[in-house]
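Contents: one structure, followed by commentary.
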Number of protein chains: 2
Amino acid sequence: MSSNNLNVEHKLNEKSVKPTAVRNLVLKYLVERGKAFSVSDLEEAFDTIDKSTLFRTLKTFEQNDLVHTIDDGTGKLKYALCTSSCNSSTDHQHFHFTCQKCGETFCLPKTELPSIELPPNFAILESNLVLKGLCNDCNT
Amino acid sequence: MSSNNLNVEHKLNEKSVKPTAVRNLVLKYLVERGKAFSVSDLEEAFDTIDKSTLFRTLKTFEQNDLVHTIDDGTGKLKYALCTSSCNSSTDHQHFHFTCQKCGETFCLPKTELPSIELPPNFAILESNLVLKGLCNDCNT
DNA sequence: ATGTCTATTGCAACTAAGTTGCAAAGTGGA
DNA sequence: TCCACTTTGCAACTTAGTTGCAATAGACAT
C-alpha cells in the first residue's frame, strides 16, 4: 500500500468516516487532482462506480468536513477539498473563481467579507461567493 | 389599458424589446412581485404559457438588461429585475441573500468588493455572490 | 382587405443532474 | 459461523432547462 493510500485512510479515520474501497479511491483522486471537481469528473475517472454511490460518497465527505460545495453556475455542483482553515462549517466564506472558458474552478485565499448592509433581523449562516472570468491559461 | 401596462410597454420599448402579449404579462408580474423569482414561479402564475416560452422570454430580458440571474444554489436559476444601477453588464456585482428556510432571494444594496488576491493573470468579468441564512420573517 | 415576411409561441421530445427504493454484497463484532 | 449494520449497484424516477419544428400572430406593403 502506497503512502498516499495510508495518508488518505488517515484523513478518513480522522473525520470518523469509515475508509471503504470507494471512499479511499475517491479521496485519493481528489487529493491528487488538487482542483475543484464535479461528479461527472469522478464518473469519468471511475467508470465502474455508480453515480449514486459517488453522490452519496461526496455527501458523506461534505457532512464530515472533508469537502465543501461550490455552486459555480455551470449547472453542476462542484466540490473542493477542505483545507485546515475550513474546518468549521461557518468558515467556508472564501471566494471561488470559475473560468468561463475552461470551466475550471479554484478556491481563492480567504478574504474578509466587506461589511454588508443587511435588512434588519437577517442572519448570515453560509455563503456561495463565485467570481467569474478568465484564468491564467485562458487569458490571452 | 392600465397605467401599469403602459409602464411595462415603455420599459420594453426602452430596451428595444418588442412588447408582445407574453412579455407584457411577464414583465408586469415581475414588477408587481418585486422579489427574485424562478421559472417555476412564473409557470405557476401563468399556467397557459409554455415553459420554453418563459425560458426564452427571460433570456431575452436578460440579454437586454431587464433582469439579471442569480444562482442561489437551490437548483433553480433565479431572476431579478435590474435597477437603474445595474445597467451595464459589468455592474451586477451586488450581493444576494437567500433565506434557507423560505427560499426567498433578495438583492442587497451594492457593496464594494474587498480587494481579492487573484492568482497572476486572472481577470474577473462577472460574479455570483450569494449569502445564505435567515430572513426577517424566518429568523425567530 | 389581402398576401407576405419575420418574430414569437406552443408542443413534444429530449438531455443531464441529482435522488430514491431496494436488493445484493461487504464488514465487523459476538 | 452467524447476525446486524453499512455500503454499493441498479434501475427507475424527478426536475430544470434545451431544441427542432410547425403553427400563429403582428407589422407592413400593395
Side-chain angles (χ1 to χ4, degrees), chain A residues 1 5 8-9 12-13 15-29 36-64 66-80 98 103 105 128 130, chain B residues 1 5 8-9 12-13 15-29 36-64 66-80 98 103 105 128 130:
Chain A
M1 186 179 274
N5 284 0
V8 152
E9 289 216 19
L12 288 170
N13 282 321
K15 303 284 185 177
S16 313
V17 177
K18 202 190 289 181
T20 64
V22 170
R23 291 177 183 160
N24 284 340
L25 274 174
V26 171
L27 186 53
K28 189 174 163 219
Y29 170 84
F37 56 93
S38 63
V39 171
S40 333
D41 294 332
L42 289 175
E43 280 190 86
E44 251 177 69
F46 303 106
D47 56 356
T48 61
I49 304 180
D50 190 77
K51 65 174 177 160
S52 66
T53 302
L54 293 173
F55 277 108
R56 288 190 274 229
T57 300
L58 289 171
K59 192 173 283 177
T60 304
F61 283 5
E62 194 194 353
Q63 285 165 347
N64 292 279
L66 280 157
V67 301
H68 60 269
T69 56
I70 313 147
D71 189 333
D72 61 8
T74 57
K76 300 179 193 178
L77 201 55
K78 295 276 175 69
Y79 299 81
T98 299
T105 291
N128 186 57
V130 181
Chain B
M1 184 177 276
N5 284 1
V8 153
E9 288 215 21
L12 287 169
N13 282 321
K15 303 284 187 177
S16 313
V17 177
K18 199 191 290 181
T20 66
V22 170
R23 289 175 185 160
N24 284 339
L25 275 174
V26 171
L27 185 53
K28 188 173 162 225
Y29 170 83
F37 57 92
S38 64
V39 171
S40 333
D41 294 332
L42 289 175
E43 281 190 85
E44 252 177 69
F46 303 108
D47 55 356
T48 61
I49 304 179
D50 191 77
K51 65 174 179 160
S52 66
T53 303
L54 293 174
F55 276 109
R56 288 190 274 229
T57 300
L58 290 172
K59 194 174 281 175
T60 305
F61 284 4
E62 193 193 355
Q63 285 164 347
N64 292 279
L66 281 157
V67 301
H68 60 269
T69 56
I70 314 147
D71 190 332
D72 63 8
T74 56
K76 300 180 192 178
L77 202 54
K78 295 275 174 68
Y79 299 82
T98 299
T105 291
N128 187 58
V130 181

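Residue numbers begin at 1 in each chain, while the letters A, B, ... track the order of the sequences. Computed from a predicted structure; not experimentally measured.
- For the residue pair B:R56/B:T60, the side-chain donor-acceptor check at 3.5 Å is not satisfied.
- Close to D:dT8, at under 4.0 Å from its OP1 or OP2, lies a side-chain N or O of A:T20.
- Residues from residues 42-56 of chain B lying near DNA chain C, meaning a heavy-atom separation below 4.0 Å, are B:T48, B:I49, B:D50, B:S52, B:T53, B:R56 in numerical order.
- A straight line from CG of B:L77 to C1' of C:dA17 spans 15 Å, rounded to a whole angstrom.
- Going from atom CG of B:N24 over to atom P of D:dA25 covers 17 Å, rounded to whole Å.
- Taking atom CG on A:D41 and atom P on C:dA17, their separation rounds to 11 Å, with Å as the unit.
- To the nearest angstrom, C1' of C:dA17 lies 13 Å from NZ of A:K59.
- Computed from coordinates, the A:L58 CG to C:dA17 C1' distance equals 13 Å when rounded to whole Å.
- A side-chain donor-acceptor contact under 3.5 Å links B:D41 to the backbone of B:S38.
- In this structure, A:N64 contributes its side chain and A:L66 its backbone to no donor-acceptor pair below 3.5 Å.
- Spacing between atom CZ of B:R23 and atom P of C:dG10 amounts to 12 Å, rounded to whole angstrom units.
- In terms of modelled atom types and a separation under 3.5 Å, the side chain of A:D72 and the main chain of A:T98 share no donor-acceptor contact.
- In this structure, CZ of A:F37 is placed 15 Å from P of C:dA17, rounded to the nearest angstrom.
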